[in-house]
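This one's a predicted model, so the numbers in the text were calculated from it and none came from an experiment. Throughout, protein chains are lettered first and strands after them, A, B, ... in sequence-line order, and every chain is numbered starting at 1.
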Amino acid sequence: MTRAAAPFPVADLVRLHERVLEWFDVAQRDLPWRRDASPWAVMVSEFMLQQTPVSRVLPVYESWLQRWPSPAALAADSPGEAVRAWGRLGYPRRALRLHAAAVAIVAHHGGEVPPALDDLLALPGVGSYTAAAISSFAFAGRHVVLDTNVRRVFARIAEGEQLPATSVTSAERGLATALLPATEAHRWAAATMELGALICTARSPRCTECPVADLCRWRAAGYPEYDGARRPTQSWDGTDRQCRGRLLAVLRDSAGPVAKPQLDLVWPDAVQRERALDGLVADGLVEPVGDDSFALPG
DNA sequence: GATTCGTGGGC
DNA sequence: TGCCCAAGAAT
């Protein structure tokens with residue numbers, strides 16, 4: 001049970017807002033989803049950016065919106081085409097969920113991305129972060145936007161700790177709420193995310209370039225190292241995830257169904273291979289075709 | 001809460 | 001060179 005950090009004096013809070021927002025004005029990256037993007041474009045970017053770096057998202061984002069410029073356009077195509085276009089972004093279930101979300105938007109919201117947090121949260125693949133982000137960035141809504149960047153920035157500046165806890169606590173959400181400015185909350189959200197992405201980075205923070213270094217409690221405390229529990233490092237070699245990735249890659253790169261013997265070539269362990277393939281089918285990423293073939297979902 | 005779920009780049 | 005990390009969600 002860690003005691004909540006003392007709140008910022010009002011004067012410091014005002015400085016914090018001013019400096020971060022001013023810094024954002026001059027330092028923010030020129031990203032396509034910030035250039036007068038439609039709500040749908042913002043939504044697509046948020047799905048793709050879940051656990052995925054900007055540099056890898058950019059090309060897929062561009063081609064995706066060119067092909068499917070609206071929820072209706074995506075909904076009219078097959079989920080398998082969404083999975084194929086997702087390419088090697090990773091976590092391909094996101095492609096499936098984005099497609100399902102597009103279908104739901106057409107069915108329940110007249111084909112327009114809804115601005116309300118509740119409506120967004122009800123969409124597949126949209127959790128607390130993504131709902132707040134879409135409502136903030138596409139509709140200038142006022143919400144607490146807690147992504148990995150913002151959590152790290154607040155942990156350092158306000159709590160004096162190197163890194164936030166493994167999962168979001170109610171105290172942390174309370175802190176973020178207390179820090180939310182009365183106006184320009186959507187810009188505050190984008191600015192704090194950008195500060196975390198460019199300056200207050202996980203590994204080698206650029207504190208000399210930080211606009212609020214003098215307000216930072218982690219810095220004032222002498223940069224103590226994080227002592228809490230870490231997310232367990234995920235293994236890769238030999239895992240089901242690696243196997244799933246290989247199987248799906250074969251199907252993505254094939255125009256039509258693939259015979260099972262062809263799939264068998266990419267993974268030596270038959271037991272694990274079957275389990276992974278069953279899992280892909282259960283997830284709706286793959287569907288059986290005929291007796292002995294598999295394809296992306298039609 | 002703890003796990004599962006891809007992929008690739010940086011240090 | 002391995003390890004850590006990247007705009008999380010669902011179960």
Side-chain angles (χ1 to χ4, degrees), chain A residues 28-29 31-34 37 41-61 83 86-98 100-101 120-138 143-153 162-170 172 176 186 188-198 200-206 226 228-252 266 275-276 279-280 282-286:
Chain A
Q28 68 166 307
R29 292 166 291 180
L31 300 171
W33 43 88
R34 289 179 181 160
V42 171
M43 179 168 162
V44 169
S45 77
E46 291 303 338
F47 269 72
M48 291 184 174
L49 287 163
Q50 290 169 2
Q51 298 285 285
T52 308
V54 167
S55 59
R56 294 233 312 284
V57 165
L58 286 170
V60 185
Y61 168 86
V83 172
W86 198 255
R88 306 187 66 79
L89 273 187
Y91 294 140
R93 286 187 291 193
R94 290 182 293 168
L96 230 41
R97 290 173 184 152
L98 182 52
L120 290 166
L121 272 173
L123 297 172
V126 177
S128 58
Y129 162 75
T130 302
I134 295 172
S135 187
S136 297
F137 304 147
H143 307 285
V144 168
V145 178
L146 273 185
D147 81 320
T148 185
N149 290 302
V150 175
R151 294 189 64 213
R152 187 175 55 249
V153 168
Q162 182 183 27
L163 296 170
T166 307
S167 56
V168 179
T169 64
S170 60
E172 187 180 359
H186 63 288
W188 171 251
T192 46
M193 286 173 67
E194 193 77 335
L195 188 65
L198 298 182
C200 196
T201 57
R203 260 174 289 187
S204 303
R206 303 170 168 82
Y226 180 70
R230 306 291 298 263
R231 266 176 121 131
T233 71
Q234 38 182 294
S235 53
W236 177 246
D237 282 330
T239 60
D240 284 9
R241 299 164 85 162
Q242 185 184 29
C243 183
R244 285 167 58 106
R246 285 195 191 171
L247 292 170
L248 199 59
V250 173
L251 296 175
R252 261 200 324 260
V266 302
R275 183 173 67 233
L280 288 169
D283 289 344
L285 285 162
V286 172

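A:R206 places a side-chain N or O within donor-acceptor distance of the main-chain N or O of A:L198, the cut-off being under 3.5 Å. Between the side chain of A:R93 and the backbone N or O of A:L285, no donor-acceptor pair lies under 3.5 Å. Side chain of A:T239 to main chain of A:D237: no donor-acceptor pair is present (N/O by atom type, distance under 3.5 Å, no hydrogens or angles). Between the A:S136 side chain and the A:A132 main chain, a donor and an acceptor come within less than 3.5 Å of each other.
Atom CH2 of A:W86 and atom P of B:dG6 are 12 Å apart (whole Å). Atom C1' of nucleotide B:dT3 and atom CG of A:D283 are separated by 14 Å, given to the nearest angstrom. Look at CG on A:D237: it is 11 Å from C1' on C:dG2, rounded to the nearest Å. Atom CD of A:E172 and atom C1' of B:dG1 are 15 Å apart (whole Å).
A donor-acceptor contact closer than 3.5 angstrom is absent between the side chains of A:Q51 and A:R94.
Contact annotation: A:R244 does not reach the phosphate of B:dT7 (side-chain N/O to OP1 or OP2, under 4.0 Å).
As judged by a 4.0 angstrom heavy-atom cut-off over every strand, A:L89 is placed among the base-contacting residues.
A residue-by-residue look at A:D240 and A:R88 shows that A:D240 has its nearest nucleotide of DNA chain B further toward the 5' end. With the nearest nucleotide of DNA chain B identified for both A:S204 and A:P92, A:P92 has the one nearer the 5' end.
Here the separation of C:dA7 from B:dT3, taken at their P atoms, is 23 Å to the nearest Å. The same atom, P, is picked in C:dA9 and in B:dG8; the two are 23 Å apart, to the nearest Å.
Ring pair A:W33/A:F137: centre-to-centre distance not below 6.0 Å.
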Summary of protein contacts for nucleotides 4-11 of chain C, nucleotide by nucleotide, where a base hit scores B, a sugar-phosphate-only hit scores S (4.0 Å, heavy atoms):
BSBBBSS-
